[in-house]
Amino acid sequence: MWCRKMETSARLDKFKIVIVGKANVGKSTLFNRLVGRREAIVFDRPGVTRDLRDREIVFMGKQACIVDTPGLLDTLSFKDHPDLRRIIASELGNAIQEASLLLFLLDGASGITVIDRDVAELIRKSGKQVMVLVNKSDRSEADSVYDEALEFGFERTM
């Protein structure tokens, strides 16, 4: 059952996990891993995910709704489509506001970027619980990304 299609009362009681981050950091791959099957399109090119995708899962022993999102603040992918960019930004804002937990995904291979810092500021303003995850951590650059991620000041960084 899609989380967004649940009855309103059931939706309000659900633990909602929203995966956020810049484009092409592995949000859809993480979503697929947590869902346990390939539900989201994964492609080695930024901007493939343009809509929210959600599924019910069991997370740490609890029923939850997991949400895959497009890359935040990735305006270059949509520069020729301002209406699409506005719609995506609105849906992302709603998903963040409904979230119980934000999984902020960083790319351990590319390092912290200006977009990552902007995303961190955006989600900090939301006041939501945040868990920072460094993806592609098998690469040598990941240690410095982890150290930089600690500077964001979020309580949980992995």
Side-chain angles (χ1 to χ4, degrees), residues 3-4 11-35 39-40 42 44-79 85-158:
C3 302
R4 284 179 276 169
R11 205 171 45 233
L12 294 174
D13 293 337
K14 279 287 181 202
F15 187 76
K16 192 170 205 173
I17 304 161
V18 178
I19 306 169
V20 297
K22 68 182 178 188
N24 216 33
V25 296
K27 294 181 302 297
S28 293
T29 299
L30 177 60
F31 175 85
N32 286 341
R33 176 76 103 180
L34 292 171
V35 169
E39 293 278 338
V42 177
D44 193 22
R45 190 189 75 183
V48 172
T49 302
R50 293 189 175 192
D51 58 346
L52 300 176
R53 180 174 300 275
D54 56 2
R55 292 288 184 265
E56 285 190 55
I57 64 168
V58 176
F59 184 76
M60 299 178 73
K62 294 184 176 187
Q63 282 292 114
C65 175
I66 185 80
V67 182
D68 183 25
T69 65
L72 286 178
L73 306 173
D74 186 18
T75 57
L76 293 178
S77 295
F78 307 110
K79 68 180 179 183
R85 186 176 60 220
R86 233 182 332 275
I87 290 167
I88 290 171
S90 175
E91 285 187 0
L92 285 169
N94 290 338
I96 289 170
Q97 288 309 310
E98 292 177 3
S100 308
L101 172 66
L102 297 172
L103 298 181
F104 178 22
L105 198 56
L106 299 169
D107 185 338
S110 70
I112 302 291
T113 66
V114 171
I115 294 175
D116 292 317
R117 293 184 192 289
D118 290 343
V119 172
E121 186 59 29
L122 176 69
I123 62 178
R124 183 177 290 108
K125 288 178 183 177
S126 75
K128 301 294 179 171
Q129 290 285 349
V130 178
M131 184 179 292
V132 182
L133 306 173
V134 179
N135 194 21
K136 305 174 189 175
S137 58
D138 56 331
R139 307 211 175 129
S140 59
E141 301 89 351
D143 288 341
S144 66
V145 172
Y146 178 79
D147 292 341
E148 286 182 79
L150 291 173
E151 295 175 16
F152 287 142
F154 294 114
E155 188 174 321
R156 294 186 175 113
T157 301
M158 300 177 185

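Just so you know, residue 1 is the first one in the sequence shown, and it goes up from there.
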Contacts of type side-chain contact (heavy atoms from CB on, under 4.5 Å), residue Gln129, not counting sequence neighbours: Leu101, Arg156

Sorted by chain and residue number, the side-chain contact (heavy atoms from CB on, under 4.5 Å) partners of Ala99 (sequence neighbours excluded) come out as Val18, Leu102

Please find the pair of heavy atoms, one from Glu98 and one from Lys16, that lie closest to each other, and give the distance. OE1-NZ, 2.6 Å

Kindly write out the residues that satisfy side-chain contact (heavy atoms from CB on, under 4.5 Å) with Arg33, not counting sequence neighbours, or none if the list is empty. none

To the nearest 0.5 angstrom, please state how far the CD1 atom of Ile17 sits from the CG atom of Leu34. 7.0 Å

Run through Asn135, Leu103, Thr69 and flag the one making a side chain to side chain contact (heavy atoms under 4.5 Å, CB included) with Lys27. Thr69

Would Asp118 and Leu122 count as a side-chain contact (heavy atoms from CB on, under 4.5 Å) if you check the C-alpha gap in whole Å, the side-chain angles of each, and the deciding distance to 0.1 Å? CA-CA 6 Å; Asp118 290 343; Leu122 176 69; over 6 Å; no

Contact list for residues 92-118, test ring-ring contact (aromatic ring centres under 6.0 Å, His included), sequence neighbours left out: Phe104-Phe152

Between Asp116 and Lys22, is the closest basic N to carboxylate O distance under 4.0 Å? yes

Over all heavy atoms of both residues, which pair between Asp68 and Ser28 is shortest? Give the atoms and the distance, please. OD2-OG, 2.6 Å

Going by side chain to side chain contact (heavy atoms under 4.5 Å, CB included), Leu106 matches just one of Val25, Val132, Leu133. Which one? Val132

Testing Asp54, Ile96, Ile19, Val20 for side chain to side chain contact (heavy atoms under 4.5 Å, CB included) with Val67, which one passes? Asp54

Which pair of non-hydrogen atoms, one from Ile112 and one from Ala149, has the smallest distance, and what is that distance? CD1-N, 4.4 Å

For a side-chain contact (heavy atoms from CB on, under 4.5 Å) check, start with the C-alpha distance between Val58 and Gln63, then their side-chain angles and the critical distance, and finish with the verdict. CA-CA 5 Å; Val58 176; Gln63 282 292 114; 3.3 Å; yes

With sequence neighbours excluded, what pairs up with Glu121 under the salt bridge (Lys or Arg N to Asp or Glu O under 4.0 Å) test? Arg124

Interatomic distance, CG@Leu105 vs CE@Met131, rounded to 0.5 Å, equals 12.0 Å

Donor-acceptor contact below 3.5 Å, side chain Lys128 vs main chain Gln97: yes

Heavy-atom pair of closest approach, residues Pro70 and Leu92: CD-CD2, 3.7 Å

Going from SG on Cys65 to CZ on Phe59, what distance comes out if it is rounded to the nearest 0.5 angstrom? 12.5 Å

